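Throughout, a chain's letter reflects where its sequence line sits, starting with A, and its residues are numbered from 1. Nothing here was measured: the structure is a model prediction, and the numbers come from that model.
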2 protein chains.
Amino acid sequence: MGATNTTHYSDLDNKLAAFCKALAHPARVAILKHVAKVGSCICNEIVDELPLAQPTISQHLRELKSLGLIKGSVEGVSICYCINKEVWDEYQTLFNNLFSDLKPAGNCC
Amino acid sequence: MGATNTTHYSDLDNKLAAFCKALAHPARVAILKHVAKVGSCICNEIVDELPLAQPTISQHLRELKSLGLIKGSVEGVSICYCINKEVWDEYQTLFNNLFSDLKPAGNCC
DNA sequence: CTCCCATATTGCAATATTACGATAAATTTA
DNA sequence: TAAATTTATCGTAATATTGCAATATGGGAG
């Protein structure tokens, strides 16, 4: 075990869970916020910004990139990362729907 | 390692990450939706609903409960679970703020 | 009190995640 | 070409997560 069996759940539930998994580490939340704050682009400023070694940052960036939450393009020696707006719009809709589904339930106990 | 070091991140980032961690499994997303759909209350209907054994469901419920996302109260022999609306309101605000922070960044690359 | 039912806890095995040092790959500069 | 810089990948250790069988716990029913 230790492996999540995704085959029995709806595509939507799996997608929401995968998105949340990508945000389920404070370093990745901080990376996203930093990328957004600096605005256009960055590179290994993140390594200076966060208390993690360069390979660890690279690993977190890969997870975010694999879900499409950020994009990276080669910019000379370094790499430019930025928020992938379209993908975020999609997940925001998913999340709004989740909140809509859950909130009307209200408090029974 | 394998342990996330939360001490170097902001309380907000840690809180968001902890919330996402709770939703980072499709079974827990499905449990929340089921609890909300059935509305008032449930018990081990979840065990019949999902392809997981009773101890596994109980474990997922504990994770959701420990973050305050659901409440449980004894109802005779069984236990009544429901959505904790106040807590969800709080996280919805957190999430809306996150989306607001990230989206204006737009696409640079 | 005893049995039964629903839920929780424990213990364990398999796998995933986190983190980093060492190193590779790619590109710019000298 | 060679050295320097930036990022990615590999290998590995420590810890966390997932899942279940077995068992414990806490109430109601008889």
Rounded to the Å, how far apart are A:Ile46 CD1 and D:dT7 P? 9 Å
Give the minimum heavy-atom separation between A:Leu50 and A:Ala27, together with the two atoms involved. CD1-O, 3.8 Å
Should B:Val77 and B:Tyr81 be regarded as members of a common hydrophobic cluster, given that ILVMFWY residues are connected when their side-chain heavy atoms come within less than 4.5 Å of each other, either directly or indirectly? no
If each end axis of the helix from C:dC4-D:dG27 to C:dA30-D:dT1 is fitted on five C1' pair positions, the angle between them, to 10 degrees, is 20°
Does A:Ser78 have a side-chain nitrogen or oxygen under 4.0 Å from the phosphate oxygens OP1 or OP2 of D:dT6? no
B:Lys65 or A:Glu63, whichever maps to the more 5' nucleotide of DNA chain C: B:Lys65
Rounded to whole Å, CD1 of A:Ile57 lies from P of C:dA19 at a distance of 9 Å
Measure CG/B:Leu50 against C1'/D:dC20 and give the value in whole Å, please. 15 Å
Are A:Lys15 and A:Glu90 close enough for a salt bridge, meaning some N to O gap below 4.0 Å? yes
What orientation do B:Phe95 and A:Phe95 show, parallel under 30°, tilted 30 to 60°, or perpendicular over 60°? parallel
If I compare all heavy atoms of B:Asn14 with all of B:Thr6, which pair ends up nearest, and what's the gap? ND2-O, 2.9 Å
Give the residues of residues 19-27 of chain A touching DNA chain C, defined as any heavy atom closer than 4.0 Å, sorted by residue number. A:Lys21, A:His25
Matching residue for A:Leu64 among A:Val35, A:Asn84, A:Ile31 - test: side chain to side chain contact (heavy atoms under 4.5 Å, CB included): A:Ile31
Round to the nearest Å and state the distance from B:Ile31 atom CD1 to D:dT18 atom P. 11 Å
To check you understand the geometry: which heavy-atom pair defines the closest contact between A:Pro51 and B:His8, and what is its length? CG-CB, 3.2 Å
To the nearest angstrom, how far is B:Leu61 atom CG from D:dG19 atom C1'? 15 Å
Between atom CG of A:Leu94 and atom CG of A:Leu16, what is the distance when rounded to the nearest 0.5 Å? 5.0 Å
What distance separates A:Glu49 CD from A:His34 NE2, expressed to the nearest 0.5 Å? 4.5 Å
Spacing of SG belonging to A:Cys80 relative to CD1 belonging to A:Ile70, to within rounding of 0.5 Å: 10.0 Å
Give the minimum heavy-atom separation between A:Leu32 and A:Leu23, together with the two atoms involved. CD1-CD2, 3.3 Å
To the side chain of B:Arg28, which of D:dT18, C:dA8, D:dG19 is closest? D:dT18
Output yes when at least one side-chain N/O atom of A:His60 is less than 4.0 Å from OP1 or OP2 of C:dT17, else no. no
Just how far, in rounded Å, is P of C:dT7 from CD1 of B:Ile70? 12 Å
B/S/- along nucleotides 20-30 of chain C (protein heavy atoms under 4.0 Å) is BBB----SS--
For C:dT7, does either OP1 or OP2 sit under 4.0 Å from a side-chain N or O belonging to B:Arg62? no
Atom CD of A:Glu75 and atom P of D:dT7 are separated, to the nearest Å, by 11 Å
C:dA8 phosphate, OP1 or OP2, under 4.0 Å from B:Tyr81 side-chain N/O: yes
Validation row, ring centre B:Phe99 to ring centre A:Tyr91 under 6.0 Å: no
